[in-house]
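Notes follow once the structure below has been shown.
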Amino acid sequence: PFLRAVLDDPAFVAGDVSTLFIEERPELLTSNPSRDRATRLLNWLGDVTVNKPYGEKPLSPSPGSKLPKIDLSGEPPAGSRERLLRLGPEGFARALREQTALAVTETTFRDAHQSLLATRVRTRDLVRVGPHVARMTPQLLSVEAWGGATYDVALRFLAEDPWERLEAVRTAMPNIPIQMLLRGRNTVGYTPRPVEVTNAFVREAASTGVDIFRIFDALNDVSQMRPAIDAVRETGTAVAEVALCYTGDLLDPAESLYTLDYYLRLAEQIVDSGAHILAIKDMAGLLRPAAAARLVTALRERFDLPVHLHTHDTAGGQLATLLAASAAGVDAVDAAAAPMSGTTSQPSLSALVAALAHTERDTGLDLQAVGDLEPYWEGVRHLYRPFESGLPAPTGRVYHHEIPGGQLSNLRQQAIALGLADSFERIEDMYAAADRILGRIPKVTPSSKVVGDLALALVAAGADPRDFEQNPQNYDIPDSVIGFMAGELGDLPGGWPEPFRTKVLAGRRVSIDVVPITAEERRALEGESLERRQALNRLLFPGPAAEFERNRAAYGDLSALGTPDYLYGLVPGEEHVAEIDPGVQLFVGLEAIGEADEKGIRTVMTTLNGQLRPVFVRDRS
Ligand code: 3PY
Ligand code: ZN
């Protein structure tokens with residue numbers, strides 16, 4: 001086993017066989033699997049304890065202590081998943097359209113933390129509250145818990161397998177449909193993938209636990225969503241919810257592109273494509289109440305599909321939009337647990353439930369139960385404080401720059417990292433200018449990234465956007481902008497911006513062909529579930545998938561660690577408990593941290609179940 005472990009070690013495979021190899025990996029001298037697991041966890045704990053990537057643990061109560069004390073034995077009550085299983089996707093959609101109660105999707109498990117906490121909430125913290133959500137709010141239409149950025153972030157930053165998360169949330173909430181956000185041909189990535197990838201992805205996601213797929217295309221090109229819609233329909237059991245991405249202001253008389261007529265034409269194509277549910281995806285929170293009423297009324301008059309509204313509360317007024325949409329007959333809306341709501345996230349679930357209680361459109365959700373779940377989420381939010389974007393309150397500037405919720409929090413962090421924190425308003429203005437130069441596009445992943453890349457490049461170059469527009473050849477243009485102008489993400493709703501586009505592409509050869517998969521990749525996609533998942537991880541995110549595999553090999557499954565320990569490490573005098581298997585607990589303590597040696601290695605003296613265990617850690621601080 002020792003030799004095997006050495007040969008399998010990613011550092012060994014990568015050729016890093018310095019003298020430190022064994023010294024840094026004392027676990028290789030043991031062969032007991034649970035001892036190995038313990039050692040790997042200690043390596044992680046030692047590393048975060050020495051290097052403190054996220055600073056000191058915030059002084060806040062543990063979220064677990066805030067969980068409502070309810071009986072978790074026995075099955076949760078029947079919820080809307082039972083209805084989906086009984087009626088099938090068509091019947092489920094029909095019932096949604098026919099019901100009077102306003103249906104609600106809970107987004108705390110995906111979009112809320114994507115938009116507020118850089119998508120960093122770990123599976124453990126989601127799954128812990130799942131059984132409570134299942135029992136206390138079974139009336140939810142769905143829980144959005146997967147897709148969007150969660151897949152990438154799990155692999156890249158959390159050392160988690162996104163598929164294991166999906167399995168775990170499905171098990172935790174068996175009575176409520178799990179919903180995911182699917183970026184059309186980009187699946188959960190940023191560039192289009194071959195149809196085999198979409199098919200394999202959708203099949204695996206549906207069989208692992210996704211019941212409702214919300215599908216969108218950043219440029220509102222229905223043909224780009226077609227493969228995903230077909231793949232969802234082919235499952236026979238999952239719901240294809242297809243979104244129109246909302247931008248601009250349809251009530252503005254000066255609006256000539258994103259008019260009511262534009263959205264109705266788009267909706268007609270969506271309905272014709274076989275969608276079960278029609279979604280309005282207002283990613284930046286631009287849909288004002290009166291416009292929502294107009295759009296929802298028109299959509300429901302013309303089409304039989306239920307309409308599901310998603311918005312972000314960036315300017316602070318989107319509860320009004322949900323209520324206006326509700327009065328106009330919208331069938332379902334999205335909201336997030338109050339402590340994880342507001343600003344770049346969704347409007348507050350309890351505010352929504354309270355607003356409609358005892359009215360014709362009462363959500364059926366119990367306001368007390370919704371409120372009882374809030375202290376847990378408040379605790380979670382405190383715990384992940386290092387990932388807050390720093391946006392302290394709503395901002396009305398979104399009506400000008402139109403930056404989507406998830407990206408706004410991200411861009412603020414990027415601005416800080418680039419030393420541009422003091423010029424954030426310039427970035428906002430440049431984002432608006434970049435959008436105009438690129439042809440006034442709907443801005444949502446991945447088109448929003450293109451606009452953001454250009455905005456940051458223009459700010460960094462101190463460029464005058466008018467000069468850039470007229471003379472792009474004089475500037476370094478981000479690759480994403482060149483690919484976008486070449487048509488990598490498809491055609492633009494308002495047509496190509498000329499002569500800008502021709503100037504950008506002059507003298508360049510840009511291939512926008514989707515890279516086909518290899519025969520070996522095809523075999524893996526058609527193989528067993530585990531093989532398919534690994535192939536999907538590698539195809540969609542080669543770098544992050546490798547990082548995940550490296551981390552798994554080095555540290556094992558980190559779900560045994562509570563988030564305070566995982567993020568902030570060991571504290572002297574505290575007993576840290578990790579449950580590596582049901583009933584198998586490790587008790588870890590910190591005795592001392594040694595000085596760094598000449599190679600920058602510190603010895604962290606820990607105790608593991610009462611016995612001294614040194615851990616050797618490279619000091620990167
Ligand atoms: C995503 O694609 O991740 C989004 O949340 C878009 O709004
Ligand atoms: Zn969103």
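Starting from 1, each residue takes its place in the sequence as its number. Start at 1 and go down the list; that is how both ligands and their atoms are numbered.
Ring orientation note: the planes of Y263 and Y246 are close to parallel, at an angle under 30° on the 30°/60° scale. The aromatic rings of W146 and F201 lie parallel to each other, with less than 30° between the two planes, well short of the 60° mark.
Cation-pi check for R156 over F548 is not met; the charged atom does not lie both under 6.0 angstrom from the ring centroid and within 45 degrees of its normal. Both cation-pi conditions hold for R288 and Y399: the charged atom is under 6.0 angstrom from the six-membered ring centre and inside a 45 degree cone around its axis. Relative to the ring axis of F157, R120 places its NZ or CZ within 45° and under 6.0 Å from the centre.
Q346 and S341 are not linked by any side-chain donor-acceptor pair at a separation below 3.5 angstrom, with hydrogens and angles left out of the test. D125 and Y384 share a donor-acceptor pair across their side chains, judged by distance under 3.5 Å alone. A donor atom on one side chain and an acceptor atom on the other are found under 3.5 Å apart for H382 and R385. Counting only N and O atoms by type, the side chains of Q318 and T311 include a donor and acceptor under 3.5 Å apart.
Among protein heavy atoms, the minimum distance from atom 2 (O) of ligand 1 is reached at R183 NE, 2.7 Å. Nearest protein heavy-atom neighbour of atom 4 (C) of ligand 1: L181 CD2, 3.3 Å.
In this structure, R110 has a heavy atom closer than 4.0 Å to ligand 1. Within the 4.0 Å heavy-atom shell around ligand 1 one finds A149.
Taking every heavy atom of V444 and a limit of under 4.0 angstrom, the matching atoms of ligand 1 come to 6 (C), 7 (O). In summary, the atoms of ligand 1 found under 4.0 Å from a heavy atom of K281, numbered by their order in the structure, are 6 (C), 7 (O). For ligand 1, the atoms sitting less than 4.0 Å from at least one non-hydrogen atom of F216 are 2 (O), numbered in the order shown with element in parentheses.
Near-neighbour remark for the Zn ion (ligand 2): protein N, O or S atoms under 2.8 Å are D111 OD2, H310 NE2, H312 NE2; waters not counted.
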